[in-house]
Amino acid sequence: MFDDSGHMKEAKTKSTLKNALKVEVSSRHADVTASFLDGCAVMWVVSWPTGGGTVQDFLDNFRRHIQVHLQTSDVYLIFDRYNEGSIKESTRSDRDKGASRVYTLRPTATAEDVLTASLVVTGNDPVPVQISRGVVTRREDMSITHEEADTMIIRQIAYVGASEVLVVADDTDVFVLLCHFVFEGDITGHVMMVSPVKGRSFIDINASVEKNRDVMGNLLAAHGVTGCDTVATYYGIGKGVALKVLRSNVHSLSNVGDINCSVEDAVQQSTRFLLSCYGHPECESMTEARQKIWSTKVSRSIGGAPKLQTLPPTNETFRENVARGHLQVAIWRQAIQPNPPLMDPLNYGWSKDEGSSSLYPKIAAENVAFAPEELLKVIKCSCDSAVPCKTKRCGCYLAGMACTSFCKCEGGHGCFNQKTRECLQAETEDENM
């Protein structure tokens, strides 16, 4: 569930779920009465100016894109928020590393030429702003404290109650959320979804729900626990596998994301579901399935033991990942409310260093050993570089352990393994007490 750098492995097959469930139509069947736009998704497809264009030119292009929708309906433009200490922070920081430039946009253009329709913009301020016929109004009645545009879109659709809804977004999470709340009856209008990329087909959400009604009751929870932005995915368990198990109608995931249920309640249901995904429903725990799959792979292998990352997680690491899924699905289930549930991420699979607001995923509880003491004693490295044990070439570093006196570096002050340095510092502090 984690790579060598300690980052959660993201689900790469989320779109498989949407592609398997969606019902596409060539065009809208009725006039749209309200359009809801994922602002960040739209910004990705609006053309940047070339040949000496300015940021203002980009903003003009963006505004023209919005005005196309204003010609046919009221528009609700919704942007993600970037809250300090968010469970989304680690995911966003990973994405930022791939960005070539960062822009701060400072619009100077006025909001003229918005025709007779209204534009409601939801940004960093909890209170959206409405622009109608050149008049700017704060919509206190639509105040919302959710962080993600995905959940804010759901809240505003349910609040507005339009009969014909168009959602402009490209995210599988939005598709799953729309299906869930249409299925539950919280969104009563006819909903169409379309990508901001030109030329894409429309997705009829209501028809998608009817076609796949057998999986709708557990779809939201299954999507959350099998991998999303805040929950690690499992090796070999893609969305297609999860959907196949869902269609068997054997498992309930009703506890996942229920604010009245404990993490242990969610783990119990998630364990049965994931064991079926791994093809071992007869097992009683993830650790048991891990051992069985290990034995099977070893018996068939001619090139050595299988990599640990190809196995199911242990009970301890699985518990923390399900806790993160429980929190994420709870936030999703609360999307029709103006505020997310009051759940402390530190109680749901997240940790943070003292003095820092940044959260990072917890691999296992603090009192859980990564390996038996007897095994730890026989692991040693033979690093002999100028800066020994600083990279994952060091066996101890790779295992997430401090070097010891059995290692070539002897686990002393000349060792650059961060775990070793932490242990040495702790020993020094103990001596000074």
Side-chain angles (χ1 to χ4, degrees), residues 18 21 32-39 41 73-81 83 86-88 120-123 125-128 130 139-169 171-193 203-206 208-210 212-213 215-225 228-230 253-261 266 325-343 348:
K18 181 172 71 172
L21 297 175
V32 172
T33 53
S35 298
F36 299 81
L37 280 61
D38 181 338
S73 72
D74 290 343
V75 172
Y76 297 81
L77 180 62
I78 303 158
F79 291 92
D80 284 319
R81 293 166 177 161
N83 297 339
S86 165
I87 60 175
K88 298 277 290 185
V120 179
V121 182
T122 305
D125 192 322
V127 179
Q130 176 175 302
R139 291 293 302 272
E140 299 284 352
D141 60 311
M142 295 182 66
S143 180
I144 186 170
T145 60
H146 281 277
E147 179 182 11
E148 292 186 81
D150 302 356
T151 48
M152 289 189 280
I153 287 172
I154 299 300
R155 164 63 182 173
Q156 294 193 3
I157 293 174
Y159 181 83
V160 172
S163 58
E164 292 290 335
V165 173
L166 176 65
V167 177
V168 180
D171 197 321
T172 298
D173 293 351
V174 176
F175 171 80
V176 172
L177 282 163
L178 289 170
C179 287
H180 173 79
F181 286 102
V182 167
F183 174 76
E184 292 292 331
D186 297 298
I187 294 176
T188 57
H190 180 231
V191 183
M192 302 289 285
M193 178 177 175
I203 299 174
D204 189 322
I205 297 297
N206 302 69
S208 300
V209 170
E210 287 304 315
N212 302 282
R213 186 164 284 274
V215 301
M216 286 296 146
N218 290 307
L219 179 63
L220 190 66
H223 178 50
V225 298
C228 57
D229 287 349
T230 60
L253 293 170
S254 59
N255 292 343
V256 179
D258 185 336
I259 60 175
N260 296 313
C261 293
H326 186 49
L327 173 60
Q328 181 61 70
V329 178
I331 293 171
W332 284 341
R333 291 191 191 276
Q334 195 91 348
I336 59 169
Q337 303 299 326
N339 306 306
L342 296 175
M343 300 169 70
Y348 296 92

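Note that the numbering runs from 1 along the sequence shown for the chain.
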J.: Please name the pair of heavy atoms, one in A158 and one in I336, separated by the smallest distance, quoted to 0.1 Å.
T.: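 Shortest heavy-atom separation between A158 and I336 comes out as CB-CG2, 4.2 Å.
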J.: Taking side chain as C-beta onward, heavy atoms only, is I203 less than 4.5 Å from K18?
T.: yes
J.: Going by atom types only, do N255 and H326 share a side-chain donor-acceptor pair under 3.5 Å?
T.: no
J.: Measuring only between side-chain heavy atoms, which start at C-beta, is V165 closer than 4.5 Å to V32?
T.: no
J.: Are T145 and P338 packed together at the side-chain level, in the sense that at least one heavy-atom pair is separated by less than 4.5 angstrom?
T.: no
J.: We want to know whether S73 and T33 form a side-chain donor-acceptor pair, criterion being a heavy-atom distance below 3.5 angstrom.
T.: no
J.: Is any side-chain heavy atom of E147 closer than 4.5 Å to one of M152?
T.: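 No, their side chains stay 4.5 Å or more apart.
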J.: Could you report the tightest heavy-atom contact between S143 and V127, atom names first, then the distance?
T.: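 Here S143 and V127 meet closest at OG-CG2, 4.1 Å.
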J.: Is D74 close to V120 at the side-chain level, that is, under 4.5 Å between some pair of heavy atoms?
T.: no
J.: Measure the spacing between OG of S163 and NE2 of H190 and express it to the nearest 0.5 Å.
T.: 10.5 Å
J.: According to side chain to side chain contact (heavy atoms under 4.5 Å, CB included), who are the partners of N260, at least two apart in sequence or on a separate chain?
T.: D258
J.: Report yes if the side chains of T122 and R81 come closer than 4.5 Å at any heavy-atom pair, otherwise no.
T.: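 Heavy-atom side-chain distance check passes, below 4.5 Å.
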J.: Run the side-chain donor-acceptor check on residues 172-182: report pairs under 3.5 Å with partners two or more places apart or on a different chain.
T.:
| from | atom 1 | to | atom 2 | distance (Å) |
| --- | --- | --- | --- | --- |
| T172 | OG1 | K14 | O | 3.3 |
| D173 | OD1 | K14 | NZ | 3.4 |
| D173 | OD1 | H223 | NE2 | 2.7 |
| D173 | OD2 | K14 | NZ | 3.4 |

J.: Taking all atoms of both residues into account, what is the closest heavy-atom pair of A221 and R333, and its distance?
T.: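 Result for this residue pair: CB-NH2, 3.8 Å.
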J.: Report the distance from atom CD of Q328 to atom CG of L220, rounding to the nearest 0.5 Å.
T.: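 These two atoms lie 9.0 Å from each other.
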J.: Quick one: closest heavy-atom pair of D38 and A149, and the distance?
T.: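 So the two residues come closest at OD1-CB, 4.1 Å.
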J.: Go through the steps to decide whether Y76 and I157 satisfy the test side chain to side chain contact (heavy atoms under 4.5 Å, CB included), and finish with yes or no.
T.: CA-CA 9 Å; Y76 297 81; I157 293 174; over 6 Å; no
J.: Taking side chain as C-beta onward, heavy atoms only, is F36 less than 4.5 Å from L77?
T.: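 Sidechains of L77 and F36: no contact.
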J.: So which atom in M193 and which in I205 form the shortest heavy-atom distance, rounded to 0.1 Å?
T.: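 Closest pair (atom of M193, atom of I205, distance): CB-CD1, 4.1 Å.
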J.: If you define the side chain from C-beta out and look only at heavy atoms, does anything of V209 sit under 4.5 Å from L21?
T.: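 No, every pair of side-chain atoms sits at 4.5 Å or beyond.
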J.: Could you check I78 against Q156 for side chain to side chain contact (heavy atoms under 4.5 Å, CB included), going step by step and ending with a plain yes or no?
T.: CA-CA 9 Å; I78 303 158; Q156 294 193 3; 3.5 Å; yes
J.: Step by step, work out the side chain to side chain contact (heavy atoms under 4.5 Å, CB included) result for L166 and V191.
T.: CA-CA 6 Å; L166 176 65; V191 183; over 6 Å; no
J.: How long is the straight-line distance from CG of D186 back to CD of Q337, given to the nearest 0.5 Å?
T.: 8.5 Å
J.: Any donor and acceptor pair, going by atom type alone, linking the side chain of R155 with main-chain N or O of H146 inside 3.5 Å?
T.: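 No; judged by distance alone, with no hydrogens or angles, the pair does not exist.
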J.: How long is the straight-line distance from OG1 of T230 back to OH of Y348, given to the nearest 0.5 Å?
T.: 14.0 Å
J.: Keeping T151 on the side-chain end and E148 on the backbone end, is there a donor-acceptor pair under 3.5 Å?
T.: yes
J.: Excluding sequence neighbours, so at least two apart, what forms side-chain hydrogen bond (donor to acceptor under 3.5 Å, both in side chains) with S208?
T.: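 With neighbours one apart ignored, the set is empty.
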J.: Kindly determine whether I259 and M343 satisfy side chain to side chain contact (heavy atoms under 4.5 Å, CB included), including the steps that lead there.
T.: CA-CA 8 Å; I259 60 175; M343 300 169 70; 4.0 Å; yes
